[in-house]
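Letters go in sequence order (proteins before strands), and every chain restarts at 1. Basis for what follows: all heavy atoms, side chains included, without hydrogens, waters or symmetry-related copies. This structure is a prediction, so every number in the text was calculated from the model and none was measured.
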There are 2 protein chains.
Amino acid sequence: MKPYVLIAEDEKAVSELLLYNLRKEDYDVGVAMDGEETLMMIDERTPDLLLLDWMLPKVSGIEICRRVRTGGANPNLPIIMLTARGEESDRIRGLDTGADDYVTKPFSTTELMARVRAVLRRIRPGLKEDRITVGDIEIDRVAHRVTRQGDDIHLGPTEFRLLDYFMQHPGRVFSREQLLDTVWGSDVYVEARTVDVHVGRLRKALRNAGGDDPIRTVRSAGYALRED
Amino acid sequence: MKPYVLIAEDEKAVSELLLYNLRKEDYDVGVAMDGEETLMMIDERTPDLLLLDWMLPKVSGIEICRRVRTGGANPNLPIIMLTARGEESDRIRGLDTGADDYVTKPFSTTELMARVRAVLRRIRPGLKEDRITVGDIEIDRVAHRVTRQGDDIHLGPTEFRLLDYFMQHPGRVFSREQLLDTVWGSDVYVEARTVDVHVGRLRKALRNAGGDDPIRTVRSAGYALRED
DNA sequence: CCGATTTGTCACATAACCGTCGCAGGCAGC
DNA sequence: GCTGCCTGCGACGGTTATGTGACAAATCGG
């Protein structure tokens with residue numbers, strides 16, 4: 001089953017961002033807006049991971065953290081703490097109370113997602129790797145590196161995300177619209193043909209490392225990564 | 001039984017497009033033109049999936065979403081939300097209220113159908129596979145690939161759709177008119193004999209992968225795929 | 001604020017595909 | 001076997017989708 005991630009965050013802007021990104025990475029997601037609700041929702045269905053805001057109305061994040069660790073039915077529940085920048089000592093107290101990781105706001109979504117994966121992988125090994133290999137291409141999302149037959153490949157941010165997405169679903173054909181939605185983000189509007197250009201750039205970069213074109217064009221449908 | 005899909009959409013152009021395509025994929029389809037009607041129709045017969053427009057007269061899409069999730073007899077009713085491009089925060093609120101997926105208008109029909117399948121497959125596994133095998137021919141709609149006895153077969157878009165349609169109904173004979181309607185679409189006007197040419201091309205492509213002709217000509221009636 | 005990198009769009013060339021035609025051959029009924 | 005329809009298929013002109021170099025705007029990192 002999909003891992004269940006509970007977001008405990010009162011700022012709607014933040015929780016929505018998290019919600020959106022976690023859904024995109026195919027998790028089950030719940031949102032709690034204050035401390036009480038968080039505790040209730042944990043009781044209802046034990047999450048596989050708790051994203052916990054430091055400052056939470058009614059019952060603070062650190063208090064929740066403590067209660068979970070000492071009190072409840074699941075003292076090993078993984079927790080990633082979200083703190084505002086500059087609360088350094090708080091941060092440490094956060095780890096002290098037993099959070100598995102902490103992230104300062106504002107945070108990079110990519111980085112947070114990587115940490116989420118990292119924590120979840122501890123619980124469920126082989127869940128969503130930080131490294132994927134398809135054929136002779138390997139991508140390392142943490143180190144942000146791509147190699148082909150050992151050679152390093154430099155990619156721009158967009159090409160990187162594009163390849164990343166392809167490698168998560170090898171063989172599958174994506175329309176330009178789908179790619180725009182997921183790789184670019186659903187909130188940007190760019191021409192569909194832009195995808196072509198970036199696929200072209202990705203191709204050229206991959207070609208430079210030798211071997212033949214690993215991206216398949218499916219006329220009138222989109223692009224796909226060859227799956228061997 | 002066929003899955004029942006309810007369309008809640010007030011723009012006639014959109015709802016008819018959906019209706020047409022869903023029928024083509026062999027679903028039972030209902031159409032509601034505003035929010036009230038939608039709620040009524042849900043009560044009458046529980047759909048397997050609700051395609052819900054964001055902006056709906058009388059009772060808005062989001063309100064319906066909320067009521068279904070919280071109130072009714074079937075809080076797990078799968079919902080795909082339709083939103084206009086640019087309503088980004090709305091979109092996220094859509095997910096927040098519990099839609100299973102969302103699609104922005106204007107949308108690609110192919111993509112929407114894929115999502116419909118994806119959502120329905122969650123409910124009824126093995127419903128409409130992304131892969132079909134008939135005899136020694138296999139078609140993979142997600143990867144957009146056709147193989148025969150392991151060999152890859154390259155088909156143009158039209159031949160692909162044609163074979164896809166045949167494979168959904170092996171053995172059945174289709175007239176040229178039926179094929180034009182479904183494979184080409186009811187809105188294009190081309191000569192009936194065009195079908196012959198494409199069937200010919202499909203045949204040639206399949207022949208190249210060995211084996212004998214899997215398409216049967218029924219004189220003065222049409223064509224059919226042999227079902228062994 | 002500057003240089004370097006990246007990005008989105010355009011224009012153009014090319015390749016892939018489409019629909020139609022024409023004709024050769026096949027099929028059924030007589 | 002003959003006749004009148006039907007079908008298979010190669011050829012062809014027109015259309016559409018895709019690949020790619022160029023470029024200006026945007027962004028990043030100092």
Flag, side chain of B/Asp48 to backbone of B/Tyr4, donor-acceptor distance under 3.5 Å:
yes
Closest nucleotide among [options] to the [X] side chain:
X: B/Trp184; options: C/dG8, C/dC27, C/dG19; result: C/dG19
X: B/His154; options: C/dC17, C/dC10, C/dT7; result: C/dC17
X: B/Thr194; options: C/dT6, C/dG19, C/dG8; result: C/dG19

Among A/Ile64, A/Leu82, A/Ile80, exactly one meets side-chain contact (heavy atoms from CB on, under 4.5 Å) together with A/Leu52. Which residue is that?
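Of the listed residues A/Ile64, A/Leu82, A/Ile80, the side-chain contact (heavy atoms from CB on, under 4.5 Å) partner of A/Leu52 is A/Ile64.
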Tell me: [atom1] of [X] to [atom2] of [N], nearest whole Å?
X: A/Leu162; N: C/dG8; atom1: CG; atom2: P; value: 11 Å
X: B/Leu155; N: C/dC17; atom1: CG; atom2: C1'; value: 13 Å
X: B/Tyr189; N: C/dC18; atom1: OH; atom2: C1'; value: 16 Å
X: A/Glu191; N: C/dT9; atom1: CD; atom2: C1'; value: 7 Å
X: B/Phe160; N: C/dC18; atom1: CZ; atom2: P; value: 13 Å
X: B/Arg219; N: C/dG29; atom1: CZ; atom2: C1'; value: 11 Å
X: B/Leu202; N: C/dC18; atom1: CG; atom2: C1'; value: 15 Å
X: A/Arg161; N: C/dT7; atom1: CZ; atom2: C1'; value: 11 Å

Given B/His198, B/Arg201, B/His154, the one that forms side chain to side chain donor-acceptor pair (under 3.5 Å) with B/Glu159:
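By the side chain to side chain donor-acceptor pair (under 3.5 Å) criterion, B/Glu159 pairs with just one of B/His198, B/Arg201, B/His154: B/His198.
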Which of B/Arg216, B/Arg176, B/Arg203, B/Gln178 passes side chain to side chain donor-acceptor pair (under 3.5 Å) with B/Tyr223? Answer is B/Arg176
Check every nucleotide of DNA chain D for an atom under 4.0 Å from a heavy-atom of chain B, then give the first and the last such nucleotide from 5' to 3'.
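From 5' to 3', the first and last contacting nucleotides are D/dC5 to D/dA11.
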Shortest non-hydrogen contact from A/Leu225 toward A/Pro214
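Result for this residue pair: CD1-O, 3.5 Å.
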Return the minimal non-hydrogen interatomic distance between B/Asp10 and B/Met33, and the atom names on each side.
CB-O, 3.3 Å
Considering heavy-atom distances to DNA chain D, does A/Arg193 or B/Asp196 have its closest nucleotide positioned more toward the 5' end?
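Between the two, 5'-proximity favours B/Asp196.
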Answer with base, sugar-phosphate or nothing: what part of the nucleic acid does [X] contact at a heavy-atom distance below 4.0 Å?
X: A/Arg216; value: nothing
X: B/Val197; value: base
X: A/Val218; value: sugar-phosphate
X: A/Arg201; value: base

Under the side-chain contact (heavy atoms from CB on, under 4.5 Å) rule, what do B/Ile153 and B/Asn208 come out as? Steps first, then yes or no, please.
CA-CA 8 Å; B/Ile153 299 179; B/Asn208 282 341; over 6 Å; no
Over 60° means perpendicular and under 30° means parallel, so classify the ring planes of A/Phe174 and A/His169, tilted if in between.
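Answer is perpendicular, since the angle exceeds 60°.
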Exactly one of B/Asp152, B/Asp140, B/Asp151 should register a salt bridge (Lys or Arg N to Asp or Glu O under 4.0 Å) with B/Arg145. Which one does?
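Exactly one pass, corresponding to B/Asp152.
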Pair A/Ser220, B/Arg161: side-chain N/O donor-acceptor within cut-off below 3.5 Å
no
Between the first and last five pairs of the helix from C/dC1-D/dG30 to C/dC30-D/dG1, the angle of the axes, rounded to 10 degrees
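Inter-axis angle at the ends, rounded: 50°.
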